[in-house]
Structures are given as structure tokens and as C-alpha cells.
Amino acid sequence: MIKIKSFNELKELKESLNAQREHIRIIVGMATCGMAAGAGEVFDSIAGEIMRQGLKNVTVVRSGCMGACHSEPTVEIVKPGEDPVLYGNVDSSRAKVIISNHIMRGEIVEELVLEKNYETASLGEVEQ
Amino acid sequence: MKKVNVTINDIKIAVPENYTVLEAAREIDVEIPTLCHLNLHDLKAVNRSASCRVCVVEIEGRGTLAPSCSTYVAEGMVIKTHTPRSVKARRTMVELLLSDHPKDCLVCEKNQRCELQKLAADLCVREIKYTGAQSTYEIDNSSRSIYRNLDKCILCRRCETMCNEVQTCGILSGMDRGFETVVGPAFGLPMIDTMCTFCGQCVAVCPTAALTEINQIREVWDAINDPEKIVVVQTAPAVRVALGEEFGMEAGTIVTGKMAAAMRRLGFDRVFDTDFAADLTIVEEASEFIHRLRHGGTLPILTSCCPAWVKFFEHQFPDLLDIPSTCKSPHEMFGTVVKTYYAAKMKIDPEKLVVVSVMPCLAKKYEAARPELNTNGMQNVDYVISTREAAKMIREAGINFVDLPDEDFDNPLGESTGASVIFGTTGGVIEAALRTACDWLTGESLEKVDYHQLRGLEGIREGTVKIGDMEVRIGIAHGLGNARRLLEDIRSGKSTYHAIEIMACPGGCIGGGGQPYHGGDEGIIKKRADAIYREDQGKAKRKSHENENVIELYRDYLGEYYGEKAHELLHTSYQKRELI
Amino acid sequence: MSGHKQLRIALRNCGVIDPENILEYIARGGYMALGKILDEMAPEDVIDELKKSGLRGRGGGGFPTGLKLEFARRNEGERKYIICNADEGDPGAFMDRSILEGDPQSILEAMAICGYAVGANEGYVYIRAEYPLAIERLTIAIRQAYEAGLIGDDIMGSGFSFDIKIKYGAGAFVCGEETALISSVEGNRGEPHFKPPFPAEKGLWGMPTTVNNVETLANIPSIFNMGAGRFAEIGTKTSKGTKVFALAGNVNKVGLVEVPMGTTLREIVYDIGDGIVGGKKFKAVQTGGPSGGCIPEQFLDIPIDYESLKEIGSMMGSGGMIIMDEDTCMVDIAKYYLEFTTDESCGKCTPCRIGNKRLYEILCKITKGEGTEEDLDSLKELGGIIKDTSLCGLGQTAPNPVLSTMKYFYDEYLSHVRDKKCPAGICSSLTRYEIIADKCIGCTMCAKACPTACISGKVREPHKIDQAKCIKCGACFKACKFDAILKS
């Protein structure tokens, strides 16, 4: 990690990071609650499947709580240019189905989709 | 101090802005009852835990009742102290405390001396309104000094304030939580296994009988009633200015003569005075000081009369064990002299002698049992009773103390000088030592005996005394927290004193853990100090080395001051103790 | 705003970024607020902006955050401190944990902002030791932020330095109270002290200190990013922004929700929570944890904010929200919460230590069927005095669950003491199971299920329960397929 020495350097870093966002992100909800519901295995299974399938443009992310305690473990697929899709009650085998259908063939696994019932406040830029 | 205007019970008054509501109310003669509160301003012992909630009052604009002991006044504050709401809340607090308190008042150690009992009466509590679980704990009577019955603890936390903030010993603190909360040593250890100094300040401030002394009245009666035993009693300097309080006399009344008379009527075979031994201590300690000065010994020298202080440094400053004087404390010297010199002189079998000390102190009880304070297989002192216990014996014996005639102590161990009397207050021991040391070092009998610069209640005091062409720097501390500061300076090499006096209790022995309860009134302690100096003033002789009995003792028995025999009998040693 | 009921500000990054990678936080605008502040704002402006935003403490009291910082700024001190209160302890509440596990950098950034605003160069995160994952992620976050120069010495070349350390709490609920928390950070027994002096005057080691809860802090960078004005547009007149709730209990979709202040309980329970499990009837919602109260159906449509909840005998608290259905016994619920507070009381003041214990004992008596109507009066009277006299917020609010259930469900209390019945059938001492002979076909299922073997009878003949041996576990009731067991 390089040391950020000024506000400008921070802004530049932010821009360069956002410019790189070409990957598909598979986000696994891995807060304590998710872990308790088996998110660890789901993560391993997803990471293993990505390797096995030789998928290069996919990043698997260990993230925090997505709020859907009623349907843990949860996994969100974020494809550049598409609306994110949130899956609930994912286990190892369902994770594989999600990868083969959604990631590889672009088919959403409808029966596992959770309605995303929230909006995230626009993070905006710093008001100039 | 800036004043602010407040209205209390519709009366407008201006009070200093650093006043609490409690203090402000007193200005208009309204007394708000308190329980956990304790404020000895000048002694810097303030318990403001605001935990009992007995002193709550209504303050306009506040949603909840406010504890008057810790709520400070503010401009325009409107206070109502005795509204139905606050009185009811107050009474409920007492009712709740009583619901978790044994109801054995009739046979309680603190019956009629208990602040909770008084409060219940004042607030017209006439039924045990709430019932339910009651806390029960094991009695801790592991030590010789302090009896802990936590069933009676009301969590006022005064003992903690004394132990942690004033004495910096940190033995007592809150443990567990909720209804199970209790105050005690870490890990629930018995007191004997802790570094408690047994100063007894926790006992001195306990409002109930949760903390009292280990009572030795029964043992003393048994000794008195044993025809085989010759029971010798000695009374400490601070007892004579406080004992009268137990019988309704004004604080600071000197009752030396009545005390001697009472001791005789209780059946003690000889009524002697620890003051004699205080003079003895001074000649030994002054000799030791001069010896150290002249022979490049360790300085400063620290006084060693206070057993709580001795135990404190054994635990906390074991690296400095060579600086305190090796002199035994006066009552231990006395016990030694009784069982050696006096026994020989009077041709009494020392085994038949029982020495009882009446002390303002609870640590003396522990001290008497220290194994090294033993001569020829006999403990120097057999029993120690506090001023309070002595009063109990006097009452039990039906003696009308107030009307007793003044009587003298027995001889030859009854004579004392003014120097010995002031042992009872902070600064007194060092002043007494200076009176002797100055005479000896200058080879003259000096007129000056009053060292006013060393007196007072400031926690740490210092002064410089010119002896001949030498400037002797004196340090004085009372309260172990203050003592710690002086000791830390010595440890870090910052100290420049030649001699330091330390007394564990705030105010010195007059404020000891075995004295009549002051009930949070520090005026009582001040009056006792005044009385001590009055007693000194009234004495014909005011220098220890002029005590004829002492001179005789050396001439007939001990030989030289600070000599071989004196060392054998009058000096002791210290040991490193654990920090726990 | 879209049709969604939820709006995520505090939770903006949770479940979105990798909390163990500071670059993901930066990519989402992390540290931009701090950068901007250090670059172009005076400390006073920072405080003004926070005051303008209307942000209030999310830990329970709802004190205006900007004002809190202003007090600490005004008070002189050799050093000053910022403390993050992460001692989340309400039963069923996990908002703070989720933020720390999902977005720890936002807390660090906010602490540095507060530090700059009040003139503090040191911060502590007081976090309960029972949150190992949050501690791990926070530790990583602190390390990365130091490496990136976003906390530590001379942040982003501004000349402002801010250090952050972690302190573990030992699991005492009362340490969520700020004076107790400070005492605990100092290494002393976690016990509240009488205020004043407030921490802003004499806090940690006697120095001016600001204590803010995790969720409050999580909002702060957003306020500077979105602008205080925009933040203040969200919410109600007195309560701005959003509030995170841990939705739990008998609701279909339990979870962590963040809604604008002013959202109604009905929206949370029915729209976000998807209604009551099994289509049962809603009975009450408990908010504010052990300090809060139970809110009955009649208030489902009030917009939630600090004031409205207080008015109906509950409070915002830290954000626990437990939904209860018709099978809940309100006396039992009050007892449950009081048991929690009596256990967690620090034991310092009389009303909390003994008073709450006595309240609890009275409730035990009532649920055992030994209560009287006088006991109900005692509950009300003693509960009121405890609220009026306790030293800290824990004691002052502990009777709330009792008083609010008594206010709204008095009949239920009366049934317990007068008729010796528990209408919800929860209090086992007041419940009786009987076999209706006419309906019993003698299938023996109940007898097989009974753990104490107190049901006897021949096959194909009506069975009987030995009441003396029955422990009222309800196993027979569940086992019977013919509705032949009567619960009363």
C-alpha cells in the first residue's frame, strides 16, 4: 500500500480504482450471521468453481451483512452494466448453479432471487 | 468565590458557585438526609458516589430527581427539597435498602450507631414494605483487625473511597454486578491474605455494621476475671481526647483522669500510660536519628510508630526497608518493658502478666500479633481494644464515666511529658523527636518547644528546623496516599528530607479507625487535635528525655540510649511482603 | 426516492465492499470527506455542518452530535479524546456489529473527522470482546488506514494527526453508558458516574472526550459527501436521516433494515418485514431493547422518530426491534427484559440494584399465579420511583418494559392476578392441559410424547392427564392430531 500524501493523491487513486472496474463481482455476505449460516462454505465453493471453470474476469468478494437475515447465506452478482442480482438461501450446490447459469450463461436463477428492497443513498462526489 | 442565586423551598439565597445543593440547603437550615455521602473537606476524603439516592430533590426543569450531594448549584436554580415526590422517593430508597438488610438491629454491633437505622427512623419507615431475596455472604474475620459482614453492606462505597482514593491501597472495590454486587478484596480473598494495612479507615466511615473491628472485649474480661493474671492496661495518647464522645461529652474534651479512673474500676490491676512509652520511643528514635546523622546512615529516617504505615511500606516499598526507624511502636515498647523491666522490678512472673492496649487504632490489633514482636517467647502485647471497645466495657460495667473523679496513672510506668501526648496527632511524633534531638545536638535545654509550622491538617507538610548551624528538613504526611507521594520521591531520589513522619490515618491517631465514629464531621477530628495540643501545653515537662521514669529505666535496666540492651528490647525489623 | 422503503446511508457499504480492503472503500468515495475537510474546512465549519445536518446520536439518547462535538471543542484540555462506542449489548441488536464487519473504514474516517473538529488526536474504539470478527476486521482496517496514511501522523499532508486504538469490553451491558465506558477504558470497574461533569468536560483521564456510537459515526462521512442540507431533508422535523433497525421476532423477513426517520412501524413490519409469521395477529413491537417499551397495534401508523417513540412509552434506543404475535405473554416479556437489566445492572445505585430486583420478583410472583392486585400497584409505583431516582440511563429506563406493557396490556396483567390465567398460554404455572374425553380416540400419541409419563389410558379409550405430575410442557398438545387436548 502506498502512502497517500495529499487530498489530490486520494482523488486520483479513487478515479484509477473506478476505471479498472471491468470484472464481474460475486459478493458473498460474510458477516458473523452469514458465516453462521454457512457463507464460508459457499465462498469456498464459489472460489473453487471459478478456478475449475477457469473464469478470469470474476472477482469473489468477502463482504459484510446484506441485511437479509431471513435468507442467509446471501450472494450478490454485480455484472458491469447490469442491475445487481441478490440471491438468498445459497448453499454450495446452489452456488455452482448460479455460476454456471448466471455468470457463464447469463441466465438469472429466478427461484433464488431475493427482492432487493432498499436504495443506497447516492454516495455522490464530494461537493465541489 | 463567585456566588450564584438559587431558590430553595421558596427562599432565595446566594451561595458560592462550587456549592452542592446539599450544602446550599444547609445555608437555610434545611438538612437533606444523606447516606452514601461523606465529605471531609480538609482531609480530602470525599465520597461522592451518588449511589444511595437518598438525598434526591426536585429541581425545576429536570425530568428526574437529582441527588443533592453531587448536584452543583447554578444561577437561577429552583430547588424543592421536601416535596411529597422526593420524600417518597427517599423513603423508598431506605425501604429498598432495608429489604436487603438483616433485621437484627437489636443485637447488631452498630445498634443506635447505625446511619441506616437512624435514617429509617427519621423518614418514618414503619414497615418492611418490600420483601424478596436477601444477599448473604460469608463473614470475614480472617484478620485481627477488621470484621466484614457484607450482609449489612449498603454499597455506599465510602470504604472504597477511603481505601482507594485516600489511602491508595486498593484493597476494597466493587465486584460482581446487579443484586450480587459486593465490595471486597480482589478474587474474594480474605482480608488477611491481602496487602490491607488494617488502618481501619473503612471501618471509621462505614455507616452500618458491614465493617467493624474484631472485638476482643471478651478476652480482656476473661483476663481481668482470672485471679492468676495480673492485667496491665495502657492507653494511647489519642484515646484521652476522644473517649468522652462515647459518653455524650463534647468532642475535644480531655478525659485523661476519668479514663484512668475508669480503667481502675474496670478491674485492671495496673493502669499505665502509653504516653510513657511514647517518651521512651522518642529518646530511642532521636538517638537513632542523631546516630544516622553523625555516622552517615540512611536518610531520611522515617517514623515507625504507625503499624498500618509499617505494613504499607513492607508491601509497597520493600526496596526501602532500611529507611524507617527500627524503633518498635510505643505500645509494643511498653509491653516489652512491662514483661521485662517491670516484672523484674516488681518480682512478678512475666508469664502472669497480661498487657492490654487501649488504642485509637485497628492496625494495633494486627501489630500485636506480629510474631517478631515477642520477647522471651511472650508477645509484648496480649490484647488490643479500640477506644470504642473501651467505652463498651465501661458501659457494660455500669460506670458513670462523665461523673468519675480524675485519677492518676500508676507508677513507675505512668509518667509522661507533653511530647508524648502529641503523638496522637499528625506532626506530633516528629515535633516530639525534634524537642529532644535539638537539645541533644546543641547540648542545651532549649526554650522553644512549639513547632507551629509542623502542625495542621494539610496532607503533606514540610518545614526546616535550624539546629545549631544545621538545617534539618522535615516532611510530614498523614493518610497513606500522601505517604506514598513522599515515598515515591525518596525512591526516585528527589527527596531532600532528613526526617519524615508518617501516620496512616487522616489527622493522625486522633482520626484512627478505632476512635468513636465521627459520622463525617471533620470538626470532631479538629477538636481532638486542639485538645491534644492543650494537653501538651498543660504538662509540666514537655520533652521526652526529661521523663523521670524513662531516665530511671535506662539507669536501672537498659543502660545507654540506642545501646545494646535497648536494641534487643526496643527495636524491631521489617520484612518484604507481597503485592496483592 | 424510489418505491423502496429502505434507504441505506449508514449501511451504504455493507454487503457491497470487501471490508478487509481499504481500496474498495476508497473506490466508493471513502476518505473523501476527511480529505475535503482537512483540505478546506475549519474545525468550526465541520461542527456547523454536523449541526446543520441534524444528526443525533444513534446509541439511544439521541443527543445532537454537532452540539456534543462543540462542547468538547470548547472545553480546554491538555489532550482530548474521541471514543467510538461499539459496546452493543441490547438483546437482538446487531447494527453496530454489522457496520464494523461490513464497513470498518467508515468508522475510522468518522473518528478522524470528529478528532479534527474537537481538536483531539487520539481515539479509542471500545468494542465488546464477544465480537471477534468485527475486531479482526477493525484491526485490519486500522492497519491499512495507517499504511495508507489516512490515519496516523500528518494525515494526507494536512498536519493533522490522529491515532486510533482498540479497547475490548468485557461484556458488561452497562458499559454502553458513556461514563461507565470511560471508566472501563481507564481500566476501572465499568460503573457509571453522576453527570455533570459530562465527558465533554471531564472524560477519559479527566480530559474532554466525545463518545459516539458506531452507527452515528457511520453517518458522518456521508453527511459531508452528500451535503448536510440533503441529509437534513431526510427524516422528520426533529429526527434527521435514517435509522438502522435489527428486525427480529415473529416477522417473516427478519433482518437488518435502514429506513428514513418517520417511516411507520406498519411499513417496517408489513412492507419490509413481510408481515407476521404464519399469518398470525400482530400484538406488539418492542423497540429500544431493555430500555424501551412495547408498542401495541394502535400505534402502528405513527411515524417513528426519537420523540414519537418516547411519547408512547418506548424509545429509539440503539435499534433493536422485536415483533411479537398474539401468542406472546406481555407479562412474560416484561419479565424477560427485567431479568436482563437486573443481571446487567452495575449494582451501584439503590433503585437499580434493589428496586429492579424487587420489580422482577413481583413479576415472577405474577407469572407463577401468586400475584395480587396490590402487586400491580407496587409495580407501577416502584417502577416510577426507579425511573425517577436511578443514577444512569440503564436504571432510569429499566422499568419501561414493565410500565409500557402495563399501560397497554393491563387486562393481561389482571388475568394473571385475578383469574390466575395466562391468556397467551405462556406462563406454565398458569396453564392447564386437559384431555376432552369426547374427542380423544385413544391413539396414545400424547402419552408417547409426554416426557413425564403422566398421561395414562388404554388404546382406543380416552386418556387422562395426571395434573400433579404434569409439567405443562405442551408436548401432548402438539402431538394430538384430533384437537382433543384443551389448553387453558
Side-chain angles (χ1 to χ4, degrees), chain B residues 20 35-36 48-58 62-72 74 85-86 88-101 116 129-135 153-157 160 164 170 173-183 186, chain C residues 170-175 179-180 183 188-197 310 338-365 374-375 378-379 381-398:
Chain B
T20 59
L35 186 54
C36 65
R48 198 165 274 151
S49 63
S51 60
C52 74
R53 316 308 277 184
V54 163
C55 69
V56 289
V57 295
E58 276 187 59
R62 295 208 185 178
T64 55
L65 296 171
S68 57
C69 70
S70 40
T71 303
Y72 290 89
R85 175 176 158 214
S86 50
K88 177 158 199 177
R90 230 169 258 162
R91 188 180 302 120
T92 303
M93 293 308 111
V94 175
E95 285 167 347
L96 287 171
L97 286 168
L98 290 177
S99 77
D100 185 28
H101 195 87
L116 178 64
K129 191 163 168 188
Y130 300 100
T131 53
Q134 272 203 31
S135 326
C153 174
I154 54 161
L155 278 299
C156 70
R157 318 295 282 270
E160 262 185 90
N164 302 338
S173 61
M175 294 188 299
D176 286 331
R177 54 194 191 198
F179 191 69
E180 278 79 43
T181 307
V182 69
V183 175
Chain C
F173 177 68
V174 75
C175 286
T179 59
S183 186
N188 298 318
R189 176 176 165 85
E191 249 181 18
H193 296 271
F194 180 70
K195 295 188 276 194
K310 211 166 171 190
L338 210 59
E339 183 176 14
F340 179 85
T341 31
T342 48
D343 276 354
E344 292 294 342
S345 159
C346 78
K348 186 171 180 177
C349 73
T350 310
C352 186
R353 181 180 72 249
I354 309 177
N356 281 322
K357 174 83 173 175
R358 298 293 173 245
L359 276 190
Y360 174 70
E361 286 167 342
I362 297 172
L363 286 173
C364 287
K365 226 174 115 186
E374 288 79 65
D375 285 330
S378 291
L379 281 181
E381 183 185 276
L382 183 56
I385 291 175
I386 292 168
K387 279 173 73 95
D388 210 9
T389 53
S390 290
L391 193 153
C392 81
L394 189 149
Q396 284 165 11
T397 57

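Per chain, numbering begins at 1; letters A, B, ... match sequence-line order.
Taking CD of E191(C) as the start and OG of S51(B) as the end, the distance is 8.5 Å to the nearest 0.5 Å. Distance OG1/T350(C) to CG/L96(B): 7.5 Å, rounded to 0.5 Å. For the atom pair OG1 of T342(C) and CD of E180(B), the computed distance is 8.5 Å after rounding to the nearest 0.5 Å. Taking CG of D388(C) as the start and CG of L65(B) as the end, the distance is 3.5 Å to the nearest 0.5 Å. Note that the OG1 atom of T64(B) and the CG atom of L391(C) stand 10.0 Å from one another [nearest 0.5 Å]. Note that CD1 of I385(C) and CE of M93(B) are 6.5 Å apart. Values are rounded to the nearest 0.5 Å.
Checking S49(B), C36(B), C52(B) one by one against K348(C), the side-chain contact (heavy atoms from CB on, under 4.5 Å) holds for a single residue, S49(B).
Within the 4.5 angstrom heavy-atom criterion, no atom of T341(C) approaches chain B. For a residue to count as touching a neighbouring chain, one of its non-hydrogen atoms must lie under 4.5 Å from one of that chain's; by this rule R90(B) does not touch chain C. Contact annotation for R85(B): only side-chain heavy atoms (C-beta onward) come within less than 4.5 Å of a heavy atom of chain C.
Most heavy-atom pairs under 4.5 Å with chain B, from the set G355(C), C352(C), C349(C), G384(C): that is C349(C). No other option in C156(B), G132(B), S135(B), S173(B) has as many heavy-atom pairs under 4.5 Å with chain C as G132(B). For chain C, the option among S99(B), S86(B), A89(B), A50(B) with the highest count of heavy-atom pairs below 4.5 Å is S99(B). Note on H193(C), K365(C), E381(C): by heavy-atom pairs under 4.5 Å with chain B, the leading option is E381(C). With chain C as partner, the option from V56(B), V182(B), D176(B) having the largest number of non-hydrogen pairs under 4.5 angstrom is D176(B).
In this structure, R353(C) and I154(B) approach most closely via the heavy-atom pair NH2-O, 3.3 Å. Annotation for A133(B) and K357(C): closest pair CB-CE, 3.9 Å, computed over non-hydrogen atoms. Residues R177(B) and R189(C) share a closest heavy-atom pair of CA-NH2, 4.4 Å.
Counting heavy-atom neighbours within 6.0 Å of K195(C) NZ, excluding the residue itself, gives a total above 12.
A heavy-atom distance below 4.5 Å is not found between the side chains of N356(C) and F179(B). Contact annotation: the side chain of Y130(B) never approaches that of I354(C) to less than 4.5 Å [non-hydrogen atoms, C-beta and beyond].
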